[in-house]
Amino acid sequence: MNYGVISIGSNVDGKEDILPKVLESLCVNVIESTPPYMDPDDNDNERPYLNIVAVIETVMDYGETLAHFKQAEKDAGRTPADKTAGRVPLDIDIVIFNNDIIKPGDYRRPYFTHGYRLLRNTRP
């Protein structure tokens with residue numbers, strides 16, 4: 001079994017409904033997740049992000065898990081042009097996988113650290 005900590009975010013209309021549904025639809029076991037919260041460092045953005053941080057377990061390896069999450073982003077309507085436009089229907093990042101910090105930049109960003117601190121004792 002593999003374990004990870006993921007960050008899920010969205011900044012489009014309806015994001016309050018999108019994020020909880022996405023978390024339920026991923027083919028991973030969610031051990032614990034934060035409630036949705038606004039990015040604490042996103043006050044000036046005209047499209048503020050809503051985020052969830054979750055501890056997951058999966059039988060998939062890192063590459064399979066990443067591919068699965070990228071497909072979920074596409075299924076949610078994310079396109080390469082969205083990033084340029086500042087529109088993000090869905091963003092799923094694997095920040096930690098099997099105790100390895102995969103994305104050190106994200107690991108230090110306020111949107112992740114805020115959620116990571118909200119998790120109880122189930123963090124890998």
Does a side-chain heavy-atom distance below 4.5 Å link Val95 with Tyr116? no

Can you name the closest pair of heavy atoms from Glu57 and Ile31 and give their distance? CB-CD1, 4.0 Å

His68 side chain near Cys27 side chain, heavy-atom distance below 4.5 Å: yes

Can you tell me if Tyr3 and Asn99 form a side-chain donor-acceptor pair at under 3.5 Å? no

Are Ile8 and Asn51 side-chain neighbours, meaning at least one heavy-atom pair lies under 4.5 Å? no

Out of Leu26, Asp93, Thr65, Ile52, which residue meets the side-chain contact (heavy atoms from CB on, under 4.5 Å) rule with Ile6? Leu26

Stepwise salt bridge (Lys or Arg N to Asp or Glu O under 4.0 Å) check, Glu73 with Lys70: CA-CA 5 Å; Glu73 291 175 351; Lys70 293 304 166 194; 3.4 Å; yes

Is there a side-chain contact between Ile94 and Leu66, using heavy atoms and a 4.5 Å cut-off? yes

Hey, can you tell me if Phe97 and Tyr62 have their rings parallel, tilted or perpendicular (30° and 60° cut-offs)? perpendicular

Has the side chain of Lys15 got a donor or acceptor atom that lies under 3.5 Å from a matching backbone atom of Leu90? no

Going by heavy atoms in the side chains, are Val55 and Leu119 under 4.5 Å from each other? yes

Any non-hydrogen side-chain atom of Leu50 less than 4.5 Å from a side-chain atom of Asn11? no

Check: Thr79 main-chain N/O paired with Asp82 side-chain donor or acceptor under 3.5 Å: yes

Within a strict 4.5 Å, meaning less than it, do heavy atoms of the Tyr49 and Ser10 side chains meet? no

Indicate yes or no for a side-chain donor-acceptor contact from Glu24 to the backbone of Lys21 under 3.5 Å, with no hydrogens or angles considered. no

Does the side chain of Leu23 reach to within under 4.5 Å of the side chain of Val30, using non-hydrogen atoms? yes

Test side chain to side chain contact (heavy atoms under 4.5 Å, CB included) on Val5 and Val53; report intermediate values, then the result. CA-CA 7 Å; Val5 181; Val53 172; 3.6 Å; yes

If I compare all heavy atoms of Val28 with all of Met60, which pair ends up nearest, and what's the gap? CG1-CE, 4.0 Å

How far apart are the closest heavy atoms of Pro20 and Asp17, and which atoms are they? CD-O, 3.7 Å

What distance do Ile102 atom CD1 and Ile96 atom CD1 have between them, rounded to the nearest 0.5 Å? 9.0 Å

Quick one: closest heavy-atom pair of Leu118 and Glu32, and the distance? O-OE2, 4.5 Å

